[in-house]
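For reference, the structure is listed below as structure tokens.
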Number of protein chains: 2
Amino acid sequence: MARITIKDVAARAGVSYQTVSKVLNHQGNVSPETEARIWEAVQESGYRPNVSARNLRTQSSNLIGYAWQRSLDDSPRPILDQFLYDAISTAEQHGYHLLTFLVDLKDAAGVPIYKELYDRRQVEGFILADTNHNDPRIAYLMEQDIPFASFGRANDDWDFCWVDIDGRHGLRIVVDHLIEQGHRQIGLLTWPEGSEAGAYREEGFVDSLRNAGLEVRPDWILRGTNTVQFGAEGMQHFRARPYDERPTAVACVSDVIAIGALNDANAAGLCVGQDIAITGYDDIPMAQYLTPSLTTVRQPIVAVGQRVVDLLLQQIREEPITEKGILLKPELIIRESS
Amino acid sequence: MARITIKDVAARAGVSYQTVSKVLNHQGNVSPETEARIWEAVQESGYRPNVSARNLRTQSSNLIGYAWQRSLDDSPRPILDQFLYDAISTAEQHGYHLLTFLVDLKDAAGVPIYKELYDRRQVEGFILADTNHNDPRIAYLMEQDIPFASFGRANDDWDFCWVDIDGRHGLRIVVDHLIEQGHRQIGLLTWPEGSEAGAYREEGFVDSLRNAGLEVRPDWILRGTNTVQFGAEGMQHFRARPYDERPTAVACVSDVIAIGALNDANAAGLCVGQDIAITGYDDIPMAQYLTPSLTTVRQPIVAVGQRVVDLLLQQIREEPITEKGILLKPELIIRESS
DNA sequence: TGACATTAGGCGAACGTTCGCCCGAACGTT
DNA sequence: AACGTTCGGGCGAACGTTCGCCTAATGTCA
């Protein structure tokens with residue numbers, strides 16, 4: 001079956017092929033009769049426009065790039081998956097598709113692949129996720145003046161489009177809640193320093209304690225990878241301390257870490273929610289079915305995917321940008337573990 | 001900054017633009033001196049080929065399509081993520097990228113999007129995952145004669161390219177192991193009927209029991225969604241039965257389900273690994289850090305991503321296909337829970 | 001030295017669209 | 001009746017490549 005072009009349709013409808021183009025793009029003056037005839041010819045012939053030809057002519061690609069990263073510590077990334085789904089969905093509503101590619105973030109040498117894709121006119125811009133302080137990707141894209149928008153912030157003085165969820169607020173409401181429950185000794189299991197999201201959440205943790213006039217004890221703040229293992233180790237570490245020298249409540253910066261903490265506490269015979277409180281962050285689906293069910297923070301992910309894509313498309317279309325940085329508020333989900 | 005084309009490079013090197021094309025594509029007769037001059041001009045001008053133009057001329061797109069699905073029961077899909085990563089990696093080694101799009105699988109009405117993308121010459125073929133018996137996507141792609149390859153099988157009498165992991169063997173080695181541990185009463189927590197992967201795993205379960213001369217009790221096979229919740233409910237259901245009427249070992253078709261079962265057993269005061277054995281399937285990263293650590297089945301995912309892409313590219317290039325169906329063997333990981 | 005093969009590179013054409021301009025017919029206006 | 005407008009549709013050109021053929025110059029051999 002030879003490929004069907006606009007010319008075949010034109011021949012069938014008895015018009016010039018350029019007229020067919022006009023009809024397909026809903027522009028220009030065509031009489032209702034010929035228009036109907038052309039649509040009929042399109043139907044009968046099963047014509048589909050050739051994307052490459054169209055792209056070449058219109059100097060566009062209707063493609064957005066997204067760099068797929070192997071999760072560094074092999075932890076599940078339910079939030080990223082969800083974000084990506086909603087981003088794709090929004091993009092498709094605007095006639096765009098997502099092109100995924102790999103970038104090696106171990107050394108910054110992998111970053112030029114962004115420019116490569118952009119210069120080849122394969123994509124019109126990028127979506128980023130999992131950003132960090134001094135993120136080399138963001139620095140590079142800004143410097144090269146390539147359109148992009150990110151889920152997550154970077155340095156405060158960098159001027160680019162981002163959408164983020166207010167982790168500071170997230171941990172603040174968690175700790176406020178724990179204090180309200182009567183806890184005065186509160187620990188934190190968080191990521192290593194240098195994590196952008198981690199820094200904000202830690203700020204919220206500190207804010208809330210200070211606000212309540214409580215002391216911030218550095219030895220109650222433990223850092224590690226985003227794994228169940230670290231959660232268990234952290235809890236073990238706390239348990240090893242003398243009774244009045246250890247937290248009665250432990251806030252974790254992710255549900256994955258909280259699961260580890262929960263496991264360890266359960267295994268040690270503690271009654272979580274009674275003897276000790278544990279909270280997570282993310283509200284992964286599993287959270288409500290753990291024993292005990294996990295108090296955690298739910299993030300408005302759907303909105304993020306949409307807003308990020310919207311921001312990117314505004315840049316691509318060179319429309320005025322309504323709001324360069326968008327900060328959304330998360331929500332506290334109280335369950336049995338606190 | 002105006003865009004740089006092959007003609008700019010040609011002007012700079014003092015040759016015709018077609019000669020530049022020859023050099024870029026490493027073909028044709030060009031003297032070493034001019035070739036060097038042209039490469040230099042390419043460097044200096046920062047020329048990058050225009051993908052749309054190239055695609056139009058060569059009638060290709062170097063894009064592979066993959067339909068992103070929202071996980072139906074919101075369960076994590078670590079295997080899919082891993083598969084996708086390796087698939088992209090392999091594709092990129094062959095100069096291809098991945099185009100992701102959404103397809104609504106609730107009604108089969110969403111399926112024609114595949115043909116649409118293919119007919120528009122936006123992609124050259126597709127990768128599928130999470131296949132099922134009577135999978136409408138596979139039926140459609142076969143009927144339309146569109147190149148594709150899948151991770152997962154469908155109906156036995158359908159002739160298409162797939163790579164799969166032998167779930168029958170997977171559950172066989174699990175149950176063999178349980179029997180060897182002395183268990184005679186073995187239950188199964190599996191997915192609803194109609195799941196292709198579930199059916200194979202169940203066959204392996206039955207195989208192994210029969211092989212050992214043990215009875216297969218239908219009331220010890222429970223079906224539900226791929227969630228922690230179902231795992232917990234299933235275990236609860238077993239526990240509610242009289243002592244000699246309940247399994248002493250429970251095999252689960254996924255780690256997620258096993259986690260639920262583990263939780264429930266732990267909460268009920270059972271000593272898992274002693275009083276009762278529980279096994280999972282997938283070897284998600286969390287599995288080794290659960291208490292007790294989870295006996296499970298590890299799948300050779302990296303190989304799958306590679307093989308699926310290889311199979312697809314063979315079709316696209318119309319090379320002879322070496323092996324239409326590839327079945328890989330999983331591996332038993334024995335830990336404390338059994 | 002003449003016939004022929006090889007090499008370097010030029011040139012026209014084509015891939016399948018969209019875009020802007022042009023033209024003739026029909027119509028309305030003064 | 002002459003003129004200006006509007007409408008329907010045609011036409012050439014261009015987007016940036018690659019491909020195949022052609023030609024002139026050079027080399028090779030009898």
Side-chain angles (χ1 to χ4, degrees), chain A residues 1-39 41-42 45-63 95 116-124, chain B residues 1-39 41-42 45-63 95 116-124:
Chain A
M1 186 173 71
R3 75 186 83 267
I4 301 143
T5 77
I6 206 175
K7 296 190 182 176
D8 299 318
V9 176
R12 190 184 281 258
V15 292
S16 77
Y17 66 92
Q18 295 94 332
T19 304
V20 176
S21 172
K22 278 182 191 165
V23 170
L24 290 174
N25 296 289
H26 309 103
Q27 54 173 330
N29 303 324
V30 183
S31 73
E33 302 87 53
T34 31
E35 171 150 7
R37 208 151 23 94
I38 288 174
W39 281 120
V42 167
S45 60
Y47 166 78
R48 289 291 175 276
N50 180 304
V51 176
S52 296
R54 184 173 275 185
N55 286 348
L56 174 59
R57 180 64 236 231
T58 61
Q59 301 285 34
S60 62
S61 69
N62 291 313
L63 246 36
E116 188 71 24
L117 282 168
Y118 184 70
D119 282 351
R120 288 172 170 256
R121 310 244 137 53
Q122 188 145 29
V123 303
E124 301 181 17
Chain B
M1 186 173 69
R3 75 188 81 266
I4 300 144
T5 76
I6 206 176
K7 297 190 183 177
D8 299 318
V9 176
R12 190 184 282 256
V15 292
S16 78
Y17 66 93
Q18 294 95 333
T19 303
V20 175
S21 173
K22 279 184 191 163
V23 169
L24 291 174
N25 295 290
H26 309 102
Q27 53 173 332
N29 302 325
V30 183
S31 74
E33 301 88 54
T34 30
E35 170 149 7
R37 206 149 26 93
I38 288 173
W39 280 120
V42 167
S45 60
Y47 166 77
R48 289 292 175 276
N50 181 304
V51 175
S52 297
R54 184 172 275 185
N55 286 347
L56 173 59
R57 179 64 238 232
T58 61
Q59 302 285 35
S60 62
S61 69
N62 291 315
L63 246 36
E116 189 71 24
L117 282 169
Y118 184 70
D119 282 352
R120 288 170 169 257
R121 320 273 141 157
Q122 188 144 32
V123 302
E124 301 181 17

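Every chain is numbered from 1 and lettered A, B, ... according to where its sequence line falls, protein lines coming before strand lines.
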Does B:Lys7 contact D:dG16 through a side-chain donor or acceptor facing the base, at a distance under 3.5 Å? no

5' priority, DNA chain C, between A:Ala53 and B:Glu35 [closest heavy atom]: B:Glu35

Write down the distance between CG (B:Asn55) and P (D:dC15), rounded to a whole number of angstrom. 18 Å

Need to verify one output field. Residue with the more 5' nearest nucleotide on DNA chain C, B:Leu56 or B:Pro32? B:Pro32

With a non-hydrogen cut-off below 4.0 angstrom, is B:Arg120 in contact with a base, only sugar-phosphate, or nothing? nothing

Whole-Å distance, A:Gln59 CD to C:dG16 P, equals 19 Å

Identify whether any heavy atom of A:Asn25 sits under 4.0 Å from a base atom; if not, whether one sits that close to sugar-phosphate; answer base, sugar-phosphate or nothing. sugar-phosphate

With a 4.0 Å cut-off on heavy atoms, is A:Ser52 in touch with a base, just the backbone sugar-phosphate, or nothing at all? nothing

Checking A:Arg57 now: which residues fulfil side-chain contact (heavy atoms from CB on, under 4.5 Å) with it, not counting sequence neighbours? none

Taking atom C1' of C:dC15 as reference, at what distance in whole Å does atom CZ of A:Arg48 sit? 20 Å

Starting at CG of B:Asn50 and ending at P of C:dT17, how long is that distance when rounded to a whole Å? 17 Å

Short question: side chain of B:Asp8, backbone of B:Thr5 - any donor-acceptor pair under 3.5 Å? yes

Has the side chain of B:Gln18 got a donor or acceptor atom sitting under 3.5 Å from an opposite partner on the base of C:dG12? yes

Consider the side chain of A:Arg54, meaning its heavy atoms from C-beta on, and name the nucleotide among D:dG10, D:dG9, C:dT17 that approaches it most closely. C:dT17

Can you give me the closest heavy-atom contact between A:Ile38 and A:Val9, atom names plus distance? O-CG1, 4.2 Å

For C:dG9, take OP1 and OP2 only and decide whether either is under 4.0 Å from a side-chain N or O of B:Thr34. yes

Between NZ of A:Lys22 and C1' of D:dG10 the distance, given in whole Å, is 7 Å

Does A:Arg57 get its side chain close enough to the base of C:dT18, under 3.5 Å, for a donor-acceptor pair? yes

Note: B:Ser52 and A:Arg121 closest approach over all heavy atoms is OG-O, 4.5 Å

Ignoring hydrogens and geometry, is there a side-chain-to-backbone donor-acceptor pair from A:Thr34 to A:Val30 under 3.5 Å? no

Short side-chain to backbone donor-acceptor contact, A:Glu124 and A:Ser61, under 3.5 Å: yes

For A:Thr5, report the nucleic acid contact type (base, sugar-phosphate, nothing); a contact means any heavy atom under 4.0 Å. sugar-phosphate

In whole Å, what is the span from the CG atom of A:Asp8 to the P atom of C:dT17? 9 Å

Separation of B:Asp119 atom CG from C:dG16 atom C1', in whole Å? 15 Å

How would you label the contact of A:Ser21 with the nucleic acid (heavy atoms, under 4.0 Å): base, sugar-phosphate, or nothing? base

Phosphate contact (C:dG9 OP1 or OP2) by B:Thr19 side-chain N/O below 4.0 Å: no

Rounded off to whole Å, could you give me the OH-to-P distance for the A:Tyr17 and D:dG8 pair? 22 Å

Counting any heavy atom closer than 4.0 Å, what does A:Asn29 reach on the DNA or RNA strands: base, sugar-phosphate only, or nothing? base

